[in-house]
Amino acid sequence: MAHPGDTPTGDPTNQTSKNGGPPAVEPPEHASTDTSVDVYPDGYPHEWAADVLGSDGRAVRVRPILPEDSEKISRFHTSLSERTRYLRYFGSRDVLSDRELRRMTNVDYRDRMAFVAELGAEIIGIAIYERLPDSTFAEVAFTISDQHQGRGLGSIFLEHLAGAAAECGIDHFEAEVLSENRSMIQVFRRAGYEISRSFDGSTLHLEFAIDPTEALTNVRNSREAAAESRSVARVLNPASVAVIGASDQVGKIGHTVLRNLIANGFSGPVYPVNSDANSVQSVRAYASVRDIPDPVDLAVVAVPAASMSEVLDDCLSKGVSTLVVISAGFSDVGSAGVVSERRLVSEARAHGMRVVGPNALGVINTSSDVQLNATLAELVPGPGRVGFFCQSGALGITILAAAARRRLGLSTFVSAGNRADVSGNDLMQYWDTDSATEVVLLYLESFGNPRKFSRIARRIARNKPVVVVRRAADDLESGVEGLTASAIRGLFRDSGLIQVDSITDMFDTATLLAYQPLPAGGRLGIVGNSSAVARLGGDSARLQGFTVAHSVDLGAGANPEDFRTAISDALDRDEVDSVLTVFVPPVATEPDKFAEAIRAAAAESEKPVVSTFLAGEGLPEGLTVTDESGVASRGSIPSYPYPERAVSALVRARRYAEWLDRPAEEPAEFEDIDRVRARELVDSLCHLNAGTDSFELTQGQVRALLECYGIDIVDYRVATDVEQAVMAADELGYPVAVKAMSEKWRTRSDQSGVRLDLADAGAVRHAFDYLQSSTGSRSLHVQKMATKGVAVTIRVADHPIFGSLISFGLSGLLSDLLADRAFSTLPISPTEAAALLDRPRAAPILDGYAGDTPADRRALVDLMGRVSCLAEDVPEMRKLSLDPGLATPSGLSVLFASVQLGPPPLFSGDEGPRRLR
């Protein structure tokens, strides 16, 4: 419960059981009570341990309790204030008895469960549930130390207890709370739970279901976003910086970082750390971080990887908030480095710290209040409205120099190197609410959690454009059949992301987005003094789907006023959505006057203006609008060395605007889905196949799982001899089909493994004998004939960036050969599903071809919605295929389906309790 005096969003840090004290928890027989022995009990759920972020952005470790925690729990209890103990135990209790300590620290991790929150070597909170006898209810209690109340740990405990309880068959929590502890019910309600309560004297009885709800998920995501944003804010807004490994020797990493910090005018104190010098670069130095007399928020580490253990100990002792590790020699050098890197991050998080890197270039914040350049880059851009995240340090230096040359101002920059902890997802959470950032740039070499990335990116893109440089196509396309480079571009576009192929394209696009409005359409006006250059722009526009609605050639003798008048006229035309102006300076001219005329013409327009101004690239002086601090601002006109690049930037901006115009729509909900039955089935199958990477479901298992989601396979029977086949046909009703169901025969385009429209027993006998002989299959399927229609395929597969993808196409060898498949990320909304149907080149067949009746598109959209729900609910699903399905004028019939299950991939973890991944 929240302690009196906490903020309104405090924690349920002090709850109690009906009888006072912690819920009764007797030690299981197998659990050791010898606290000197560090042995995990049988069944200890290692996977339930997690690093999490409190609401203040600081890391905390949450893990299941151990018997040897008894002494720590005793110290924790003694440290609590009298008020906290009163709210927890309904009375004062200075010391816990040995029996109470045993009850708290010895649990069976099923009916009785306890989590502890640790910071360093000390426990700062405990949460317990105990199942009530012969029920699916459990009583829950929390306690948080006084100095850590208000950090959101109660809500985190609640999420982790609920996640564990759900795995153990518990579906409701209840708690007894003193009525004066009023903030508790608010905390539970803000978590998205529907609380029922009753009052008994001075005590409230609270009860609620712990099943995930949309409200619960939204609150969890909101809390996660706020915590991760605050965590990054600690990185980018330090009050003080220490440079560990600072040096006077030019060329050393520690020399460059310290010099850049000082030269950039960092607003706070900078502390060089060097055990062999009294001063470095004329600044007093300290032998270690511990020796610095004042607090240190950020430590930039530039010492060899072998020295990291000592440095980490010093930083942990000092209470440093964040490490920026410039040093290499971790996962970048192989398996031994991976172990060191994991140890570094684990120890840092356990003490509340975050890590940028290792092998990072560093971090930049151009705000006048901070002026932080804690990087190796000497040439950095000035202040601006663009946030930039990348991984590679060497590439980062090149990128920063290129941005500076083009006068593209940045708000903040982070190079995460090996990305062992702080990631692009963290930075996006920060930029989402950062008023100083209007455009987000990402150069990503790997994705830690694609489902989370997709969720965050879609949310941010509704408010700010996100430009992503994609990796090589062969990396992106790996693992998903039929996924082409063109389909990948569509996936980025569907997510609201602006995908580009190069750093040049990224800067071209970012400069437009940062300083000009979005185009309202694809109609281009061109004004210039070179017909040849203008023609290149027009040709490029037409090739990319734009039209040239207006074009004016002013000729080589045009003066600045001619440009101003012609551009103003073009912008005033209703048929023009954007303007490209081309200026090629004559032999003798004053380009600044032309730039001023172009800028003046565009000043009041809400339509974007771009230029090929061959007197400068990026933001030439005369085309730049500056604010009172001299920073380039809205209204500045970007210049491109070639008109094709200017047009391509406009096209990307227009596609983003089209995505923004789409209404945000949630996935469809289906009342007939039986999620409980589906979960029981999946859990049972995974238990039976434990230890295997993945496994195929039998046809009976596939049918049972799909039925939970309202997806029916046309009725069939399996026959091993001709008499069984005839009995099956009689039972199903004629006409029927007989099929060989192995992959080899089922997918043949000549249909030599199937016999259709069998009208009587004789036909079935003949077909069964023939197929059993020709295919070598002992078992054949006898299936009720479905209404003829267009054969389609719907599949789900994992992708290393986008998570689970759904694909749609016509069934058959030709579609596979031509990769005529359309893809979308999951979950998918009805509008997105309807759009997916039109993307394959063969899609017109659905609408009737050569006089055929159009297929029922609504049935296809419904089916994709159900598949989407299945994929979201069952992260163990590695693959799914519905092939073929017959789309008819009156509905849809699924003839065959296959499902592959396996352990959820590492990147799937965007469900359940919050945790750092």
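Atom set for the values below is all heavy atoms of this structure, side chains included, hydrogens, waters and symmetry mates excluded. Just so it is clear, the structure is predicted and the values come from calculations on it, not from any experiment.
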Query raised in the report: Which distance, rounded to the nearest 0.5 Å, do you find between the OG1 of Thr509 and the CZ of Arg652?
Result: 4.0 Å
Query raised in the report: Taking C-beta and beyond as the side chain, do Val467 and Leu442 meet within less than 4.5 Å on heavy atoms?
Result: no
Query raised in the report: Can you tell if the side chain of Asp852 reaches within under 4.5 Å of the side chain of Val790, non-hydrogen atoms only?
Result: no
Query - Minimum-distance pair of heavy atoms, taken over all atoms of Ala719 and Val782 - result: CB-CG2, 4.3 Å
Query raised in the report: Does atom CG of Asp661 have more than 12 heavy-atom neighbours from other groups under 6.0 Å away?
Result: yes
Requested in this report: Supply the atom-to-atom distance Met727 CE to Leu732 CG, rounded to the nearest 0.5 angstrom.
Outcome: 11.5 Å
Query - Name of the residue among His160, Glu224, Glu159 meeting side-chain hydrogen bond (donor to acceptor under 3.5 Å, both in side chains) with Arg914 - result: Glu159
Query raised in the report: Under 3.5 Å, side chain of Arg655 to main-chain N/O of Leu650, donor-acceptor pair present?
Result: no
Query raised in the report: Under the salt bridge (Lys or Arg N to Asp or Glu O under 4.0 Å) rule, what pairs show up with a residue in residues 837-851, not counting sequence neighbours?
Result: Asp494-Arg839, Asp838-Arg857, Asp847-Arg857
Requested in this report: Provide the full list of ring-ring contact (aromatic ring centres under 6.0 Å, His included) pairs with a residue in residues 813-842, sequence neighbours left out, each pair given once.
Outcome: none
Query raised in the report: How about Val738 and Gln772: do any of their side-chain heavy atoms sit closer than 4.5 Å?
Result: no
Report task. Evaluate the criterion side chain to side chain contact (heavy atoms under 4.5 Å, CB included) for residue pair Leu901 and Leu697; output intermediate values, then yes/no. Result -> CA-CA 7 Å; Leu901 298 183; Leu697 271 59; 3.5 Å; yes
Query raised in the report: Quick one: does Ile673's side chain get under 4.5 Å of Cys869's, heavy atoms only?
Result: yes
Query raised in the report: Just how far is it from atom OG of Ser495 to atom CD1 of Ile460, taken to the nearest 0.5 Å?
Result: 12.5 Å
Report task. Start with the C-alpha distance between Leu846 and Leu860, add both sets of side-chain angles, then the distance that settles side chain to side chain contact (heavy atoms under 4.5 Å, CB included), and finish with yes or no. Result -> CA-CA 10 Å; Leu846 293 173; Leu860 284 166; 4.1 Å; yes
Query raised in the report: Does Pro884 reach the side chain of Val792, with side-chain heavy atoms less than 4.5 Å apart?
Result: no
Query raised in the report: Distance-only, no hydrogens or angles: does the Arg493 side chain make a donor-acceptor pair with backbone N or O of Ile498 under 3.5 Å?
Result: no
Query raised in the report: Donor-acceptor pair, Thr775 side chain versus Ser777 backbone, under 3.5 Å?
Result: yes
Query raised in the report: For Leu518, does its backbone N or O pair with a side-chain atom of Tyr656 as donor and acceptor, under 3.5 Å?
Result: no
Query raised in the report: Would you call Leu882 and Arg795 a side-chain contact if the rule is heavy atoms closer than 4.5 Å?
Result: no
Query raised in the report: Which pairs, with at least one residue in residues 691-732 and sequence neighbours excluded, count as a ring-ring contact (aromatic ring centres under 6.0 Å, His included)?
Result: Tyr716-His781
Query - Set of side chain to side chain donor-acceptor pair (under 3.5 Å) partners for Asp730, sequence neighbours left out - result: Tyr734
Query raised in the report: Do Leu706 and Leu880 come close enough that some side-chain heavy atom pair is under 4.5 Å?
Result: yes
Query raised in the report: Among pairs that include at least one residue of residues 824-837, which meet salt bridge (Lys or Arg N to Asp or Glu O under 4.0 Å), considering only residues two or more places apart or in two chains?
Result: Arg458-Glu832
Report task. Using a cut-off of 6.0 Å, state whether more than 12 heavy atoms not belonging to Phe670 lie near its atom CZ. Result -> yes
Requested in this report: Can you sort out the partners of Pro827 under side chain to side chain contact (heavy atoms under 4.5 Å, CB included), two or more places apart, ordered by chain and number?
Outcome: Pro667, Ser868, Glu872
Query raised in the report: Can you list every salt bridge (Lys or Arg N to Asp or Glu O under 4.0 Å) pair that touches residues 716-725, not counting sequence neighbours?
Result: Asp715-Arg717, Arg717-Glu731, Glu723-Arg765
**Report entry** Closest heavy-atom pair and its distance - Leu826, Ala871
**Finding:** CD1-CB, 3.5 Å
Report task. Please round to the nearest 0.5 Å and tell me the distance separating atom CD of Gln783 and atom CG of Leu756. Result -> 10.0 Å
Report task. Please round to the nearest 0.5 Å and tell me the distance separating atom CG of Asp820 and atom OG of Ser807. Result -> 11.0 Å
Report task. Check side chain to side chain contact (heavy atoms under 4.5 Å, CB included) between Ser779 and all other residues, then give those that pass, not counting sequence neighbours. Result -> Val718, Thr720
Query raised in the report: Can Leu837 and Met864 be said to form a side chain to side chain contact (heavy atoms under 4.5 Å, CB included), step by step?
Result: CA-CA 10 Å; Leu837 299 179; Met864 282 193 278; 3.3 Å; yes
Query - Under 3.5 Å: donor-acceptor pair, side chain of Asn425, backbone of Lys452 - result: no
Query raised in the report: At what distance, to the nearest 0.5 angstrom, does OG1 of Thr547 lie from CZ of Arg542?
Result: 8.5 Å
Query raised in the report: Taking Ser773 for the side chain and Asp769 for the main chain, is one N or O donor matched with an acceptor at less than 3.5 Å?
Result: no
Query raised in the report: Hey, mind stepping through Glu167 and Arg679 against salt bridge (Lys or Arg N to Asp or Glu O under 4.0 Å) and telling me if it holds?
Result: CA-CA 10 Å; Glu167 288 190 33; Arg679 174 43 52 191; over 6 Å; no
Query raised in the report: For Ser811 and Asp883, which heavy atoms make the closest approach, and how far apart are they?
Result: OG-OD1, 2.6 Å
Requested in this report: For Thr136, enumerate each residue passing the side chain to side chain donor-acceptor pair (under 3.5 Å) test, keeping only those at least two apart in sequence or located in another chain.
Outcome: Asp171
Query - Closest contact, heavy atoms only, Val468 versus Leu497 - result: CG2-CD1, 4.2 Å
Report summary line: Contacts of His687 meeting ring-ring contact (aromatic ring centres under 6.0 Å, His included) (sequence neighbours excluded), chain-then-number -> none
Query - Salt bridge flag under 4.0 Å for residues Arg858 and Asp862 - result: no
Query raised in the report: Applying salt bridge (Lys or Arg N to Asp or Glu O under 4.0 Å), which residue pairs with at least one partner in residues 752-762 are found, sequence neighbours left out?
Result: Asp757-Lys788
Requested in this report: Would you kindly say whether Arg878 and Ser694 are connected by a side-chain donor-acceptor distance under 3.5 Å?
Outcome: no
Query - Met785, CE atom: more than 12 neighbouring heavy atoms under 6.0 Å - result: yes
Query - Arg662 and Glu658: CA distance, side-chain angles, deciding distance, salt bridge (Lys or Arg N to Asp or Glu O under 4.0 Å) verdict - result: CA-CA 7 Å; Arg662 300 180 194 170; Glu658 290 173 342; over 6 Å; no
Query raised in the report: Is there a side chain to side chain contact (heavy atoms under 4.5 Å, CB included) between Met428 and Phe453 once you walk through the steps?
Result: CA-CA 9 Å; Met428 286 198 295; Phe453 169 79; 3.3 Å; yes
Below 3.5 Å, can you tabulate the donor-acceptor pairs from side chains in residues 886-900 to any protein atom, sequence neighbours excluded?
| unit_1 | atom_1 | unit_2 | atom_2 | d |
| --- | --- | --- | --- | --- |
| Thr888 | OG1 | Ser890 | N | 3.3 |
| Thr888 | OG1 | Gly891 | N | 3.1 |
| Thr888 | OG1 | Gly891 | O | 3.1 |
| Gln900 | NE2 | Glu696 | OE2 | 3.2 |

Query raised in the report: Does Val714 offer a backbone N or O that forms a donor-acceptor pair with the side chain of Lys784 under 3.5 Å?
Result: no
